[in-house]
Amino acid sequence: MKIIYLSASGQLGGAEKMLLDLLASVRAAEPGWRLRLLVGEDGLLIERAWELGVETTVLPFPYALARLGDAGAGGPAGAQMSRGALLGKLFLSAPGAVAYIRRLRRALVEFAPDVIHSNSFKMHVLGVGARPEGVPVVWHVHDYVRARPVMARLMRLCAGRCSVVVTNSESVAADVRAVCGERVAVRSMYNAVNLRRFAPEGSTLDLDALAGLPPAAPRTVRVGLLATLARWKGHQTFLRALSLLPPALPVRGYVVGGALYQTEGSQHALEDLRRMAVQLGVADRVGFTDFVEESAAAMRSLDIVVHASTQPEPFGLVIAEAMACGRAVIASDSGGASELIAAGCDALAHPPGDAPALARRIAQLAGDANLRARLGRAGRATAERRFDHTRLAAEMIPIYHEARRQSGFTG
Ligand code: GLC
């Protein structure tokens, strides 16, 4: 069997990390299969996939297509770009899109895959446009579609050309069904993590040095938010929560992550967050490390991992990873993230965007090492039971066969 994976981004965000885990899992289960990854921009994803023995191709997006995105056009963060401006941009990038589909089709015809697996919104649409006759397409959807008005419309239009949609949670599955209706089969498959890499024991990092802070006092409790700088990941809520903590509480905060995406208007600049920390009076209480590739080591260097997304989180890979590392986790209780945790048992929860509630949870955990240890142990047990990445191939391979049956094995 030959499978081609399509990703718009070449950076290592959650969806791309998941893709790497899936590639590793499928390769281990089916060493005889040919796997190829085609990416719209160069980046670490290509390198890491190549190290796994996956064939790789970069087919660069034209500039306008790379910058195009409607992540901010639907939801409450939609002030950044109006729908009109977005449609204008779509129109402007259309000639580039048509030319790109032509080049993508040539690449697909040349590889002659049995299945096309697309891993990002733009590739879902471009992939079905470029698909050679009879080759089934599987959309792996990692984010809510309805939050992206233009993409929702495009996906509804294209759904008939996709064989199976795989989602990372039940919550995203419901969202896709609401958009695409009966046009396509939808299966949910939870993300997973490498439990050996994301483990309580292992290397750590000097987060203070990475953030350019002086070493913290010995009994300091370290609390970190690990995320891309997408606006909805809740950096502002986290900084506000830190500013609400009693000054005497020995807590230091860390913002671990950098700007990853080329899409306009969808992410913070690190400088803006630093400025906000100064305005809130917490500049000496919080460090900014920028992007850190060894996220497991970063998590092991923290006592508490905060997930603070202000909009429903489709899955929240960082939550599963932090649980696997045996950390005490505070998650934002909404969307797919709520499906991952049993609040109070293996993690704590706070309502999305509620800085005072998040501050209360941080203070509760900072003052109770036993509770942190108990949640950490329970989190690891949950991760072992539900998020072991070796199950990915076992779940995905039958879906590839299902997609082939749907297309009548004509590819
Ligand atoms: C996207 C989602 C995130 C999920 C990741 C992997 O980045 O926003 O919730 O964990 O994909 O599926």
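Order of listing sets the numbers, starting from 1, for every ligand and every atom in it. All residue numbers refer to positions in the sequence shown, counting from 1.
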### Glu384 (side chain) donor-acceptor with Ala381 (main chain) under 3.5 angstrom
no

Atoms of ligand 1 less than 4.0 Å from [X] heavy atoms?
| X | value |
| --- | --- |
| Gly316 | 3 (C), 4 (C), 9 (O), 10 (O) |
| His142 | 1 (C), 2 (C), 6 (C), 8 (O), 11 (O), 12 (O) |
| Asn191 | 6 (C), 10 (O), 12 (O) |

So Tyr5 and Tyr400, would you call those rings parallel, tilted or perpendicular, with 30° and 60° as cut-offs?
perpendicular

salt_bridge(Glu313, Lys233) N-O dist < 4.0 Å
yes

With a 4.0 Å cut-off on heavy atoms, does Trp232 reach ligand 1?
yes

Looking only at heavy atoms, the pair that brings Leu37 and Ala49 closest together is CD2-CB, 3.5 Å

Of Thr167, Leu340, Leu317, the residue with the heavy atom nearest atom 10 (O) of ligand 1 is Leu317

Inset, instruction - Using distance alone, determine whether Gly14 and ligand 1 share an N or O pair under 3.5 Å. - result: no

- Message: For Phe121, does the six-membered ring have the charged nitrogen or CZ of Arg148 within the cation-pi criterion, i.e. under 6.0 angstrom from the centroid and within 45° of the normal?
- Response: no

